[in-house]
Amino acid sequence: MSPLTISESASANFINQIKDYAVFALDPHSIVTTWNQGAQRLKGYQEEEIMGHFFGKLFPDVYQQAGKPQEELELALKHGTYEAEDWRKRKDGSHFWASVTLTAIYAEDGQHIGFTKVTGDLTRQKELQEKLAARRKSLRHKNEELQRMNLDLDNFIYTVSHDLRSPIHNIEGLMKLLQLELRETNCFSKETEGVLQRVLASVDRFKRTIEDLTRVSRLQKDASTSLGEEVISVKEVYEDIMADLQNPSGRDRFFVKTDFQVYQVRFSRKNFRSILYNLLSNAIKYQSPERECIIELETRLEEPYVVLTVKDNGLGIGKASQEQLFTMFRRFHHHVEGTGIGLFMVKRIIENSGGKVEVTSEAGAGAEFRVYFLAPL
């Protein structure tokens, strides 16, 4: 046996052993002339059942009627090869999604002597792709529903806060008028004054709640209209906030240690100030009565974020409560005034801009808030 014959025999044996792909040959008239084990497994035809038949019978019936087999042959002759992903048919009539490569073969003298065909089964991959596409569509639909629900909620909040503002101001005015009337008619007693003060305090809390609802509604509108970002100085905003937080009476004393490794951040100035103000004021508000209030303020680069950290040694929050920490109107310390809206606003602002906020805390041992601003590329 000549070396060439041995080589051809080894090659034919190798192709026949391939089981994951259908590999077969056609003559110039597109009649099947070879058929490997992979073709038998994938297509369902035994070698003797398919040899001598036009390869078009391996296509779905509708493709055969539309002249698809001839079209692929013409493209392979024109371009040397034809590659595609398409439907193919098994012996039992079932269809499978396939990768197909049809190559025109020529002799040394340039004469066309046939084709080789390689077919792989991509059905599983196609099913996974379709499931993924369906899941993405479902997620898009749910996201659209959530956006509609958020819009409805924001409209409801705006309407409620607007409609309640007028009657609560009327109640406040009437209570002050009653207070004046009682004084003028000498009907004012300690008991009456105590009741009136409690009512007015309740009205004041009601007004603050309405104002917080308005801020939430405004925040969502700001997010939808994309407040203009600018390069802002962290130190300047910090100093402006400190001027507001310093108490001339010396009550609620506190000390702030700053470490600005990043001096500037690109963000909405109004929103950045709101975030920093809320974190610093909370650290002061919830300081421990057992020790001096020390706050550590730091900025650093942690790509792709600029990280703002506010750490205190105050009352802290227990682990069980931390999951609800950023919930609207949720409060964990009731000995100081507050409505529980600040941290909700912080989380909403930063997540609307593509960032995130994290907290580490322990009851009685302070809290550390880390706000991640997405750094511009």
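Quick caveat: nothing in here was measured; it's all calculated off a predicted structure. The first residue in the sequence is number 1, and the count goes up from there.
In this structure the side chain of Lys89 never reaches within 4.5 angstrom of the side chain of Leu58, judged on heavy atoms. When side chains are defined from C-beta on, Thr81 does not count as touching Leu102, because their heavy atoms never get closer than 4.5 Å. Put simply, the side chain of Lys176 reaches to within 4.5 Å of the side chain of Glu172, judged on heavy atoms. Taking 4.5 Å as the limit, some side-chain heavy atom of Leu42 sits within range of a side-chain heavy atom of Thr119. Residues Lys57 and Ile50 meet the side-chain proximity criterion, which asks for heavy atoms closer than 4.5 Å. At least one side-chain heavy atom of Leu315 sits less than 4.5 Å from a side-chain heavy atom of Pro289.
Asp121 pairs in a salt bridge (Lys or Arg N to Asp or Glu O under 4.0 Å) with only one of the listed residues (Arg41, Lys43, Arg90), which is Arg90.
Between Phe115 and Ala76, the shortest heavy-atom contact is CE2-CB, 4.2 Å.
Ring planes of His95 and Trp87: tilted class, angle from 30 to 60°. Ring pair Tyr45/Trp35 is perpendicular by interplanar angle, where above 60° counts as perpendicular and below 30° as parallel.
Residues Phe272 and Phe373 place their aromatic rings such that the two centres sit under 6.0 Å apart.
Cation-pi geometry between Lys235 and Phe260 is not met at under 6.0 angstrom from the ring centre and within 45 degrees of the axis.
Contacts of Ala283 classified as side-chain contact (heavy atoms from CB on, under 4.5 Å), with partners at least two apart in sequence or in another chain: Ile295, Asp312.
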